[in-house]
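These notes are about the structure you will find just below.
Positions are given from 1, in the same order as the sequence printed here.
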Amino acid sequence: MEKRIICNGCGKEIKLVNGIAVQDYLSIKKEWGYFSGKDGKLQELVLCEACWDELLSRLKIPALTTEVTELM
């Protein structure tokens, strides 16, 4: 069975073809350490591009954005 990738923001499924995502998305994994209030917890989430744009629009200080000339 093929792994499914679901956006935690909107619930949209990221399209996969032969196990390769054909839509870009952000994957975040955070292991919380001491002094966090979440000591020893690991949290993971996926955001589609639209949900990422929505998150960025709510920031008080904009994210630093630079042009990359060689795409991976």
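Think of L26 as one node in a network of Ile, Leu, Val, Met, Phe, Trp and Tyr side chains linked at under 4.5 Å; its network also takes in I28, L45, L47, W52, L55, L56, L59. Hydrophobic cluster of F35: the remaining members, joined at side-chain heavy-atom separations below 4.5 Å, are Y34, listed by chain and number.
Taking the side-chain contact (heavy atoms from CB on, under 4.5 Å) definition, one finds that A50 meets it with C48, sequence neighbours left out. Every residue two or more places apart in sequence or in another chain that forms a side-chain contact (heavy atoms from CB on, under 4.5 Å) with V22 is listed here: K15, V17. Under the rule for a salt bridge (Lys or Arg N to Asp or Glu O under 4.0 Å), the partners of E13 that lie at least two apart in sequence or sit in another chain are R4. Residues satisfying the side chain to side chain donor-acceptor pair (under 3.5 Å) test with Q43, not counting sequence neighbours, are W32. Checked against side chain to side chain donor-acceptor pair (under 3.5 Å), D53 has no partners two or more places apart in sequence or in another chain. By the salt bridge (Lys or Arg N to Asp or Glu O under 4.0 Å) test, E54 is found to be paired with R58, residues two or more places apart in sequence or in another chain being considered. Not counting sequence neighbours, S27 has no partner by the side chain to side chain donor-acceptor pair (under 3.5 Å) test.
Residues I6 and K12 have side chains not in contact (no heavy-atom distance under 4.5 Å, counting atoms from C-beta outward).
Annotation for D24: atom CG does not count as buried by contact number, only 12 or fewer foreign heavy atoms lying within 6.0 Å. Residue Q23 places its CD atom among more than 12 non-hydrogen atoms of other residues, nucleotides or ligands, all under 6.0 Å distant.
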Take K30 and E44 through the side-chain contact (heavy atoms from CB on, under 4.5 Å) test and state the conclusion after the steps. CA-CA 6 Å; K30 171 63 178 160; E44 299 179 58; over 6 Å; no

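Minimum interatomic distance between I14 and A21 (heavy atoms only, all atoms of both residues): CG2-CB, 4.2 Å. When every heavy atom of L42 is checked against every heavy atom of K29, the shortest pair comes out as CD1-CG, 3.5 Å.
Among residue pairs with one or both ends in residues 63-72, none qualify as side chain to side chain donor-acceptor pair (under 3.5 Å); sequence neighbours excluded.
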